[in-house]
Amino acid sequence: MNLTYFLFFICIIVCTLIITYWAAKRSKTANRFYTAAGSLTGLQNGMAIAGDFISAASFLGIVGAIALHGYDGFLYSIGFLVSYLVVLYLIAEPVHHLGKYSLGDVICARFPGRQMRLMMAISAFIISILYMIPQLVASGLLIRLLLNTDYSISVVVIGSLMTIYVVFGGMLATSWVQIVKTVVLMSGTFLLSLIVFSHFNWKIEDLLVAVKKGTPLGEAFFLAGHLFQQPLEMLSMQLALILGTAGLPHILIRLFTVKNILEVRRSITSATWIIGIFYFMTLVLGLGTIAILGFELLITTDSTGNLAAPLLAQAVGGDFLLAFISAIAFTTIVAVISGLVISATSAFSHDVYHHLIRKGKSTEKEQLQAARWTALGIGLISTLFALQLENINVTFLVSLTFIVAASSNFPILLLTVYWKRFNKTGALIGMISGLTASIIFVALGPHIMNTDGGWIPYKPIFTLYNPGIIVIPIGFLGAIIGSYVTRGREKWTKEKQAFFLRAQTGVTTRRERS
């Protein structure tokens, strides 16, 4: 075990536990546990949103994708960045106006009922778990590589840490862990980007020449077609990324952690700037990796490209910089997992326990206790899954997460807020059809079915790796057709008018206030 690596990891753990201890003293109510009582400023919340969004797949995966596949690898960054425009212009303000603790609150503001709240809770739980597992697997592999520890021990340590953050600190601790992670991540990637530029005497043209020499693709490195063989595949992936973010529960519940709509706008705007700058730096790091290390060394050391950033750090800065960048990757994983746990906890303890089991009659103390037990259970479940899935292809789980969110949550959110003829039956059918279609198309696609070591050793029934272009319309069609078939004679009621007034402006009627 390298002592430098170990000390950096211990430092990160100690700092985050101090934050949790501080937050635990302030998370004594359900409001503080779920939303930090709206105490974050727009800039703080924007940093926390960026911290939630920039996962291990972004930091480790995209740098490697750019280094190995060139232009196609950078397309992931474009999709992630543009997705925040959808959130900003279509989703952010209505969600803040309508919700309190969870996405179930938003939908049930228009369609109250046990079935609707249960479906929203199930969707949030599935998305959170699907996203959590690859983060835990990646953390176990990273720590095993750097500290030479057993994979199972690594996963248990990470799973325990994230559970401690949420159980004791709630949203406040999770938010500040995210903020610290964002500061450290941006500082580390900026430093590494400067070192890369200095390696080529601050001349971009020298860097690009070295890239052409380092990659077997040559001039074609800067052209499309190396990662996505079909334009339809690229379009489908972009569609899932752009629309999927607007359906991710752990991103959207952060719109409840600020007090007013001005701070919501500042949150999304600052998050977009931070994420945009970060992805520009991943482009620099990807180019620097292939230019400095070369394709042969990179592919020999790590065929997946997931360790491109740490390998680049070691090449230009030795063990100390490698330890620093690896600690950043570790912090990234822990922070994202904590955000996912709090979103799954909110969905289960608030929507299922408080509203469905206790029928809205649980006390503040009971809600808080249920939330902490839920966080403990979710942490245990995701850790057990990760222990069994050491050799899983984590890429397909991450892509499945965005596909599920884009085909189930996003259509329902959008139509609930903007379509006056939408009804509860349409919402339920749309949610079920989008969720079912996304899982079926991925399960029968090349991620799972392939003759080269696939879980099902047969030719895939659906050839698209990213079936978003098919399943997202299915979610919308299910919702629209379900609404038209069962529309009956719906009248324009005062309650419906009050809902749209509140969704678009935040203004509540005298009846709602009472």
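From a predicted model like this one, the values you see are computed outputs, not experimental measurements. Side-chain atoms are counted along with the backbone in the values below, which use heavy atoms only and exclude waters and symmetry mates.
Residue W22 places its CH2 atom among more than 12 non-hydrogen atoms of other residues, nucleotides or ligands, all under 6.0 Å distant. Atom CZ of F168 is surrounded by 12 or fewer heavy atoms from other residues, nucleotides or ligands within 6.0 Å. Surrounding CZ of F74 are more than 12 heavy atoms belonging to other residues, nucleotides or ligands, all under 6.0 Å away. Around CD1 of I204, the count of heavy atoms belonging to other residues, nucleotides or ligands within 6.0 Å does not exceed 12.
Side-chain atoms of S198 come within 3.5 Å of backbone atoms of I195 as a donor-acceptor pair (strictly under, hydrogens ignored). Using modelled atom types, no side-chain atom of S326 and backbone atom of A323 make a donor-acceptor pair closer than 3.5 Å. With N260 contributing its side chain and L262 its backbone, the two residues share a donor-acceptor pair below 3.5 Å. A distance-only check finds no donor-acceptor pair linking the side chain of K181 to the backbone of V336 [under 3.5 Å]. Of the possible polar contacts, none joining the R266 side chain to the G46 backbone as a donor-acceptor pair under 3.5 Å is found. Without hydrogens or angle criteria, D105 side chain to S102 main chain gives a donor-acceptor distance under 3.5 Å. The closest donor-acceptor contact from the side chain of N45 to the backbone of V264 lies at 3.5 Å or more, if one exists at all. Checked by atom type and distance alone, the side chain of Q367 never pairs as donor or acceptor with a backbone atom of H354 at under 3.5 Å. Of the possible donor and acceptor atoms, none in the side chain of N409 sits under 3.5 Å from a partner among the backbone N and O of A405. The backbone N or O of V211 sits nowhere less than 3.5 Å from a side-chain atom of T215 that would complete a donor-acceptor pair.
Partners of E366 under the salt bridge (charged side-chain N to carboxylate O under 4.0 Å, His left out) rule, at least two apart in sequence or in another chain, are R358. Taking R372 as the reference, nothing meets the salt bridge (charged side-chain N to carboxylate O under 4.0 Å, His left out) condition, with sequence neighbours excluded.
In this structure, D72 and M234 have side chains that are not in contact, with every pair of non-hydrogen atoms separated by 4.5 Å or more. Contact check for W202 versus L194: side-chain heavy atoms found under the 4.5 Å cut-off. Residues E263 and Q44 fail the side-chain proximity criterion, which asks for heavy atoms closer than 4.5 Å. At a threshold of 4.5 Å between non-hydrogen side-chain atoms, the residues S187 and V183 count as touching. The side-chain heavy atoms of L17 and Y165, taken from C-beta on, include a pair separated by under 4.5 Å. The shortest side-chain heavy-atom distance between F280 and S193 does not fall under the 4.5 Å cut-off. For the pair S77 and L283, the minimum side-chain heavy-atom distance is 4.5 Å or more. Using a 4.5 Å cut-off on side-chain heavy atoms (C-beta onward), M237 and F402 make no contact.
The heavy-atom pair separating D351 from A121 by the smallest distance is CB-CB, 4.0 Å.
The one candidate from L340, L435, L248 that meets the side chain to side chain contact (heavy atoms under 4.5 Å, CB included) condition with I127 is L248. Between M431 and the choices I107, I412, I122, the side chain to side chain contact (heavy atoms under 4.5 Å, CB included) rule is met once, by I412. No option in Y131, Y84, F278 other than Y84 meets the ring-ring contact (aromatic ring centres under 6.0 Å, His included) test with F53.
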Walk me through whether S343 and S128 qualify under side chain to side chain donor-acceptor pair (under 3.5 Å). CA-CA 7 Å; S343 69; S128 299; 2.9 Å; yes

Could you go step by step and tell me if S154 and T149 meet the side chain to side chain donor-acceptor pair (under 3.5 Å) rule? CA-CA 7 Å; S154 303; T149 58; 2.9 Å; yes

Taking it one step at a time, do T245 and S83 satisfy side chain to side chain donor-acceptor pair (under 3.5 Å)? CA-CA 6 Å; T245 301; S83 67; 3.0 Å; yes

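Here L293 contributes atom CG and I299 contributes atom CD1; the two are 12.0 Å apart, rounded to the nearest 0.5 Å.
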